[in-house]
Amino acid sequence: QKEVEQNSGPLSVPEGAIASLNCTYSDRGSQSFFWYRQYSGKSPELIMFIYSNGDKEDGRFTAQLNKASQYVSLLIRDSQPSDSATYLCAVRSYNQGGKLIFGQGTELSVKP
Amino acid sequence: DGGITQSPKYLFRKEGQNVTLSCEQNLNHDAMYWYRQDPGQGLRLIYYSQIVNDFQKGDIAEGYSVSREKKESFPLTVTSAQKNPTAFYLCASKGNSGANVLTFGAGSRLTVL
């Protein structure tokens, strides 16, 4: 079992729809969760992070964390073609010396 | 502007050659990291350093070496021992407080001919 798993996609949604990106992790000692966006050929850039169970909203983005189910998700409301990118989920576990473990990423395509 | 500078952006290497990728940061961050990314893959940790003159192996350190002689600089050498070095290499640093978020450089793309 991979430590951090994401569906590789591609996930295709129409412009204006809600895109839902999911991530599961195996280490119950995980304490910090991050979502990065990576455009093709570019480096990852942070969208948001979440530490506590529940939802965290930032503009059109909402991160959801459920530690009991070892599940974190990212919702993108009113998706735009400019949101088309690969979204990387990353998990930090202090059981592993605080290393940041990345999933393989989900490719999102927003169609006009 | 504060940030992380990686160079070169593109690099071509013949088999059997060592190459060094530069990473410089002016964010005053203590911790620095090197990741490798292959097509369709997530990031894999090569080496990291939490303080000057100290560094640790990550998950795929074989065939790579690093140094951390200055806080600002964390160069990565890809040696001839690395079996499949063609990849996108990303340097990152982590803030000393707050959310401990990783900030990435623009990356270096290495191609072995």
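Here is how names work: the chains are called A, B, and so on, in the same order as the sequence lines, proteins then strands, and each is numbered from 1. The figures here come from the full heavy-atom set of this structure, side chains too, leaving out hydrogens, waters and symmetry mates.
For B:Tyr35, the part lying under 4.5 angstrom from a heavy atom of chain A is the side chain only. Residue B:Leu45 touches chain A through its side chain alone, counting heavy-atom pairs closer than 4.5 Å. With a threshold of 4.5 angstrom between heavy atoms, B:Gln37 approaches chain A through side-chain atoms but not through N, CA, C or O. Both the backbone and the side chain of A:Leu100 come within contact range of chain B, each with at least one heavy atom under 4.5 Å from a heavy atom of that chain.
Between chain B and the residues A:Leu88, A:Val4, A:Leu46, the most heavy-atom pairs under 4.5 angstrom are made by A:Leu46. In terms of heavy-atom pairs under 4.5 angstrom with chain B, the leader among A:Lys42, A:Glu45, A:Gln38, A:Gln6 is A:Gln38. Counting heavy-atom pairs closer than 4.5 Å to chain B, the top residue among A:Gly105, A:Ala90, A:Cys89, A:Pro44 is A:Pro44.
B:Val19 and B:Ile60 fall within a single hydrophobic cluster, where Ile, Leu, Val, Met, Phe, Trp and Tyr side chains are chained together by heavy-atom contacts under 4.5 Å. Hydrophobic clustering of Ile, Leu, Val, Met, Phe, Trp and Tyr side chains at less than 4.5 Å, counting indirect connections, keeps B:Leu11 apart from B:Phe88. A single hydrophobic cluster is seen to contain both A:Phe34 and B:Tyr48, as judged by linkage of ILVMFWY side chains at heavy-atom distances under 4.5 Å, directly or through other members. Residues B:Leu43 and B:Ile46 are members of separate hydrophobic clusters, defined by side-chain heavy-atom contacts under 4.5 angstrom among Ile, Leu, Val, Met, Phe, Trp and Tyr. Cluster membership for A:Leu21 and A:Val91, using ILVMFWY side-chain heavy atoms within less than 4.5 angstrom, is shared.
Within 6.0 Å of CG on A:Asn7 lie no more than 12 heavy atoms contributed by other residues, nucleotides or ligands.
Contacts of residues 102-113 of chain B with chain A at a heavy-atom distance below 4.5 Å involve B:Leu102, B:Phe104, B:Gly105, B:Ala106, B:Arg109, listed in sequence order.
Here NZ of A:Lys99 is found 11.0 Å from CD of B:Gln56. Values are rounded to the nearest 0.5 Å.
Judged as a ring pair (Phe, Tyr, Trp, His ring centres under 6.0 Å), and not counting sequence neighbours, A:Phe61 has no contacts.
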